[in-house]
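Structure first, then comments.
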Amino acid sequence: MNKTELKKKVAKKATKKTAKKTASKKKVFGPDVYQRDEHGLLKNIDYHFNEDGSVDWRAMIKPEFLYPNKGWFDMRGQPTPTSTEGLKDNQLLIMLGGIKELARLRGFHGVSFQVQNVDDGYVTALCIIDWIGNYESGSKDYNGNYTTVNYQDVANATLENTDSFCEKFLETIACNRAFVRCVRNFLNIHIVGADEIDKSNNRTEPSSKSSTPSSNVPITPSALLETKVKASHGVNSWDDFKELLRGLWKEEKYVNESVKDWDSFSDIPAKEARKLISIISK
């Protein structure tokens with residue numbers, strides 16, 4: 001056997017060996033990898049933790065989902081950095097993709113929205129997320145399983161805080177904003193979502209639609225609650241609203257001892273206003 005024939009024989013054996021090894025390699029099956037442990041955490045993810053043992057969700061944001069907040073630097077007459085390195089949370093924005101990634105890592109049973117067209121050119125959205133229970137939530141059922149955690153937040157989209165492109169998709173923008181706010185507030189993320197910021201400075205031309213004057217537009221949860229009960233429950237005064245609260249109390253849908261200290265809608269804490277919006281929307 002000459003050298004040429006010997007080389008061909010060796011090469012042929014090597015090829016067969018490689019092919020056999022490739023064929024015997026086990027294919028990765030998603031459900032075997034994507035599993036959560038007894039604490040509610042994904043087994044295939046390296047988590048970052050705070051000193052108190054809770055998950056540091058801020059540290060779980062991938063760098064590619066962050067970028068400098070141009071508006072923050074423009075307001076101070078400073079050039080916008082080309083990198084996020086060294087920037088504080090209030091100097092950053094997080095993309096919607098980053099928020100979705102965080103929600104996936106934390107885990108949820110479902111996401112729902114309640115959208116309301118308050119007025120022409122003004123839309124509100126309530127985002128409700130049923131998060132899976134984990135060791136951070138703590139509460140367990142009789143079987144020892146972590147119970148679902150319900151969290152919700154509200155946002156709006158108007159002709160005054162969107163650009164000329166987004167004015168055609170106010171419902172979508174409001175839902176995105178509410179989702180971003182709901183996720184990051186629940187996970188204690190202090191970086192504002194890119195979808196949350198006022199984009200009216202990017203408007204290329206005045207809107208052809210008539211919008212509600214900014215002084216009349218409800219921008220707080222308590223103002224949104226007032227608008228909603230007036231529109232859907234015929235509430236025309238504070239006394240009418242107190243009657244509504246009494247009814248909710250009797251039905252055990254909303255029980256709160258602090259109600260006696262409220263003298264107007266503006267006295268209602270934001271957290272309680274959001275709860276009431278959710279209750280009366282059902």
Side-chain angles (χ1 to χ4, degrees), residues 33-34 36 39-108 111 113 125 127 129 131-132 134-137 149 151-158 160-167 169-170 172-204 219-221 270:
V33 179
Y34 194 83
R36 294 185 183 274
H39 306 297
L41 303 179
L42 287 170
K43 295 180 178 180
N44 60 335
I45 296 295
D46 291 327
Y47 288 84
H48 298 269
F49 298 94
N50 296 306
E51 291 184 359
D52 63 0
S54 60
V55 177
D56 184 353
W57 294 104
R58 163 65 181 88
M60 300 295 290
I61 304 173
K62 295 179 180 178
E64 57 261 36
F65 290 122
L66 298 174
Y67 65 96
N69 185 349
K70 185 176 183 298
W72 190 94
F73 294 96
D74 287 348
M75 286 180 62
R76 294 159 178 77
Q78 301 177 15
T80 304
T82 57
S83 170
T84 60
E85 187 176 353
L87 297 184
K88 299 179 180 178
D89 285 356
N90 64 342
Q91 298 173 320
L92 295 167
L93 292 176
I94 181 172
M95 300 177 189
L96 180 59
I99 293 295
K100 290 180 178 179
E101 177 73 7
L102 287 177
R104 184 188 69 81
L105 292 177
R106 176 56 179 78
F108 56 88
V111 180
F113 297 91
C127 177
I129 301 180
W131 300 97
I132 66 170
N134 73 357
Y135 80 100
E136 292 177 296
S137 56
V149 183
Y151 190 83
Q152 49 197 268
D153 220 317
V154 67
N156 66 54
T158 75
E160 296 185 348
N161 63 21
T162 57
D163 57 25
S164 53
F165 173 77
C166 292
E167 73 177 33
F169 312 100
L170 292 182
T172 302
I173 300 302
C175 287
N176 283 347
R177 288 176 173 177
F179 174 72
V180 169
R181 191 166 294 173
C182 194
V183 173
R184 71 180 189 82
N185 283 342
F186 180 71
L187 298 181
N188 200 32
I189 303 295
H190 303 304
I191 303 175
V192 175
D195 291 79
E196 293 180 273
I197 62 174
D198 183 353
K199 294 182 173 63
S200 57
N201 290 336
N202 298 329
R203 185 173 290 278
T204 56
I219 57 175
T220 64

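Minimum heavy-atom separation, Ser137 to Val149: CB-CG2, 3.4 Å. Across Asn134 and Gly40, no two heavy atoms sit closer than the pair CB-CA, 3.9 Å. Closest of all the heavy-atom pairs between Ala155 and Ala174 is CB-O, 4.0 Å. A pairwise comparison of heavy atoms in Ser83 and Pro68 identifies O-CG, 3.8 Å as the closest pair. When all heavy atoms of Pro81 and Leu87 are compared, the closest pair comes out as CG-CD2, 4.0 Å. Between Val55 and Tyr47, the shortest heavy-atom distance links the atoms CG1-CD2, 4.0 Å.
Side-chain atoms of Asn50 never come within 3.5 Å of backbone atoms of Gly53 as a donor-acceptor pair (strictly under, hydrogens ignored). Under the 3.5 Å distance criterion, the side-chain polar atoms of Arg181 are left unmatched by any main-chain donor or acceptor of Val192. Of the possible polar contacts, none joining the Gln91 side chain to the Asn69 backbone as a donor-acceptor pair under 3.5 Å is found. Checked by atom type and distance alone, the side chain of Arg184 never pairs as donor or acceptor with a backbone atom of Ile99 at under 3.5 Å.
No hydrogens or angles considered: a donor-acceptor pair under 3.5 Å links the side chains of Asn161 and Arg177.
A distance of 10.5 Å separates CD1 in Ile61 from CD in Glu101, rounded to the nearest 0.5 Å. In this structure, CG in Leu93 is found 4.5 Å from OH in Tyr67, a value given to the nearest 0.5 Å. With values rounded to the nearest 0.5 angstrom, Ile45 atom CD1 is found 10.0 Å from His48 atom NE2. Rounded to the nearest 0.5 Å, atoms CH2 (Trp57) and CD (Glu136) are 6.0 Å apart. In this structure, the separation between CG on Leu105 and CZ on Arg36 is 7.5 Å, given to the nearest 0.5 Å. Atoms CG and CG, from Asp89 and Leu92 in turn, are 6.0 Å apart once rounded to the nearest 0.5 Å.
Around the CD atom of Gln78, the shell of radius 6.0 Å holds more than 12 heavy atoms that belong to other residues, nucleotides or ligands. Within 6.0 Å of atom CG in Asp46, 12 or fewer heavy atoms from other residues, nucleotides or ligands are found, so the atom counts as exposed in its surroundings.
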side-chain hydrogen bond (donor to acceptor under 3.5 Å, both in side chains), that's the test. Do Thr158 and Asn156 meet it? Break it down for me. CA-CA 7 Å; Thr158 75; Asn156 66 54; 5.1 Å; no
Glu160 and Asp198: side-chain contact (heavy atoms from CB on, under 4.5 Å), yes or no, with the steps? CA-CA 8 Å; Glu160 296 185 348; Asp198 183 353; over 6 Å; no
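Looking at heavy atoms from C-beta onward, Cys127 lies in side-chain contact with Val111 at the 4.5 angstrom threshold. Using a 4.5 Å heavy-atom cutoff, the side chains of Asn90 and His190 are not in contact. The side-chain heavy atoms of Leu102 and Met60, taken from C-beta on, include a pair separated by under 4.5 Å. With a 4.5 Å cut-off on side-chain heavy atoms, Lys100 and Phe179 count as touching. Between Leu42 and Arg104 there is a side-chain heavy-atom pair separated by less than 4.5 Å.
Classified by interplanar angle (parallel below 30°, tilted 30° to 60°, perpendicular above 60°), the ring pair Phe186/Tyr151 is tilted.
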